[in-house]
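Right, one structure below, let's go through it.
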Number of protein chains: 2
Amino acid sequence: MNDDVVWPDDLFADLDRTGPVPLYFQISNRLEAAIRDGRIPAGSRLETEIGIGQRLGLSRPTVRRAIQELVGKGLLVRRRGVGTQVVHGQVTRQVELTSLYEDLQSSQHEPGTTVLAHEVVPAPEKVAESLGVDPGTDVLFVRRRRSSDGVPVAIMENYLPSAYADITTDQLESRGLYQILRARGVTIRVAKQRIGARREERDEADLLEVDKGSPVLTMERVAYDATGRAVEFGQHCYRPDTYTFETTLIAK
Amino acid sequence: MNDDVVWPDDLFADLDRTGPVPLYFQISNRLEAAIRDGRIPAGSRLETEIGIGQRLGLSRPTVRRAIQELVGKGLLVRRRGVGTQVVHGQVTRQVELTSLYEDLQSSQHEPGTTVLAHEVVPAPEKVAESLGVDPGTDVLFVRRRRSSDGVPVAIMENYLPSAYADITTDQLESRGLYQILRARGVTIRVAKQRIGARREERDEADLLEVDKGSPVLTMERVAYDATGRAVEFGQHCYRPDTYTFETTLIAK
DNA sequence: TAGTGGTCTAGACCACCTG
DNA sequence: AGGTGGTCTAGACCACTAC
């Protein structure tokens, strides 16, 4: 029985066997592209791991790893004894670890930043606990207002260890915090965040240009680098008509 | 050089080589437990893949897979040419795909449910689009109020394809929606959700026992089964002082 | 019974980091 | 220079599903 999809012949042409890009990655990338743009239709069945391997001259583990990659992204479903199938209909994007600035950039809006505060302060208790330092230790405090196409989106308060005290206001106004950190060789790998809601407080209504007593969406985040050291603690509040959190969850 | 951790001798005793539990899974499970309870301390370095394999009589790929499992969970960090290290300090739990009911159950509170509406209705346009059916098609509509230890937590409105119209009010009051679906052989695998905030509307203030005009946290969710077919569309609103969303993000 | 994916083995070569 | 993880190969056996 062979009602498998026969994908475009050139899908896997020009595999680069010598370059630095892993084969499984080249394959999963091309497969993903073909699924997303419909060249491999939703619901269709894929050829066998072994079959693919033979046609491409690859070992089964390599093909398997490429496929597994897409299973993890929720694009493929596998059942033992049955085969591999493209999910029906819904093709979802992955949850990614980005800053608001990058979110706005990628959504084709023009991000703007106003730095409202930028100073070294003694760490309040909650901040100290989150960053894993002693209360009262000097930390960098930054308060910014973010806008998109001129409309206020968020007020962001961040605390960083004093090792980052030399970050400049210029940098903060032209780039996202995570971009600045990455340029310093710090990669954020894990973030714990808590999303909630409350009434606007203090000067937030003015800054977000909403009525007094309006609801705001809140997010608290602690971000860690590759070795698990806390790099940033943030308390942000968003104007709910200009920003929502979208996530895609995939069960293990 | 060997400043590697020597973990408790019995950590990998009693590996079951014949049973149905994969070896890599047994290993990653025990490793995870040892890391979480501190038997393997934060920041310490692990033995080499090959070294572990030799001591346990396992091949490198098997050991590698077990380790990779924990890297994906954010508990281990690997660097080529260096080694594998337990993450410093912060040990995080995984994001999971659960319903509110299960969230409350696992947090040791007593969940309560009041079914406010339970009927078959023609699908509104937005619902039809989310579920992938024609507008006006019959769908099951359920509106519930959830509470925890007697305090209102959320109002949940769900729409399901009419195939699920035989779900009973009794079931809805005693179990979570996802538990009911699972008992029918439907496993939720992917969910897209959007989290936001707004003012309370209509009867929500009364039901949540908050002041008129109070902010509420909102969540919209479309859930899909293993083959990508939409199973459930939900619009929920939460009392922000009794519920927040907590997530852990791990960069690829 | 035939075919699928799930697991596992025992090697190999390479890029990268540390000394 | 030596050791690490990253990748890849070519097999093998098994559990499960469909026919």
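Just so it is clear: chains get the letters A, B, ... in the order the sequence lines come, proteins before strands, and each one is counted from 1. Quick note: numbers below take in every heavy atom, side chains included, and nothing from hydrogens, waters or symmetry partners.
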Nearest-Å distance, [atom1] ([X]) to [atom2] ([N])?
X: B:L56; N: C:dC8; atom1: CG; atom2: P; value: 13 Å
X: A:R45; N: D:dA18; atom1: CZ; atom2: C1'; value: 10 Å
X: B:I50; N: D:dG3; atom1: CD1; atom2: C1'; value: 9 Å
X: B:E49; N: C:dC8; atom1: CD; atom2: C1'; value: 15 Å
X: A:D16; N: D:dT7; atom1: CG; atom2: P; value: 15 Å
X: B:Q54; N: D:dT4; atom1: CD; atom2: P; value: 10 Å
X: A:R65; N: C:dC8; atom1: CZ; atom2: P; value: 17 Å
X: A:R78; N: D:dA15; atom1: CZ; atom2: P; value: 19 Å

Apply the test side chain to side chain contact (heavy atoms under 4.5 Å, CB included) to residues B:R184 and B:D166: give CA-CA distance (whole Å), side-chain angles for both, the deciding distance (0.1 Å), then the verdict.
CA-CA 11 Å; B:R184 298 170 63 122; B:D166 56 328; 3.1 Å; yes

Nucleotide of C:dG6, D:dG6, D:dC8 approaching A:P22 most closely (side-chain heavy atoms)
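Of the options given, the side chain of A:P22 lies nearest D:dC8.
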
Picking from C:dT9, D:dC8, C:dG6, which would you name as closest to the side chain of B:T62?
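Of C:dT9, D:dC8, C:dG6, C:dT9 is nearest to the side chain of B:T62.
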
Mind checking what makes side chain to side chain contact (heavy atoms under 4.5 Å, CB included) contact with B:P22, not counting sequence neighbours?
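By the side chain to side chain contact (heavy atoms under 4.5 Å, CB included) rule, B:P22 matches B:Y24, B:F25.
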
For B:R144, give me all partners under salt bridge (charged side-chain N to carboxylate O under 4.0 Å, His left out), at least two apart in sequence or on another chain.
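Checked B:R144 against salt bridge (charged side-chain N to carboxylate O under 4.0 Å, His left out); zero matches.
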
Taking salt bridge (charged side-chain N to carboxylate O under 4.0 Å, His left out) as the test, write out the residues that go with B:E232, two or more places apart.
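If we apply the salt bridge (charged side-chain N to carboxylate O under 4.0 Å, His left out) test to B:E232, skipping adjacent residues, there are no hits.
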
How far does CD of B:E47 sit from CD1 of B:I50, to the nearest 0.5 angstrom?
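So the CD of B:E47 and the CD1 of B:I50 are separated by 11.0 Å.
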
Please name the pair of heavy atoms, one in A:V231 and one in A:Y164, separated by the smallest distance, quoted to 0.1 Å.
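Between these two residues, the closest heavy atoms are CG1-OH, 4.1 Å.
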
Sub-3.5 Å donor-acceptor pair from the side chain of A:T168 to the main-chain atoms of A:Q171, do we have one?
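Yes: the side chain of A:T168 pairs with the backbone of A:Q171.
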
[N], OP1 or OP2 - any side-chain N/O from [X] closer than 4.0 Å?
X: B:R79; N: C:dC17; value: no
X: B:T84; N: D:dG5; value: yes
X: B:R64; N: D:dG5; value: no
X: A:Y24; N: D:dT7; value: yes

Heavy-atom nearest nucleotide on DNA chain D for A:R17 versus B:G83: which residue maps closer to 5'?
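In this pair, the answer is B:G83.
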
Set out, line by line, the N/O atom pairs under 3.5 Å between protein and nucleotides 10-13 of chain D.
{"from": "D:dA12", "atom 1": "N6", "to": "A:R60", "atom 2": "NH1", "distance (Å)": "3.1"}

Residue list, side chain to side chain donor-acceptor pair (under 3.5 Å) with B:D134, at least two apart or on another chain
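Not a single residue meets the side chain to side chain donor-acceptor pair (under 3.5 Å) criterion with B:D134.
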
How far apart are the C-alpha atoms of A:D225 and A:L181, what are their side-chain angles, what is the distance that settles it, and do they pass the side chain to side chain contact (heavy atoms under 4.5 Å, CB included) test?
CA-CA 10 Å; A:D225 69 9; A:L181 291 172; over 6 Å; no

Could you go through nucleotides 1-3 of chain C and list every protein N or O atom that sits under 3.5 Å from one of its N or O atoms, giving the distance for each pair?
none

Does A:E129 have more than 12 heavy atoms from other residues, nucleotides or ligands lying within 6.0 Å of its CD?
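No, CD of A:E129 has 12 or fewer neighbouring heavy atoms, counting only those of other groups under 6.0 Å.
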
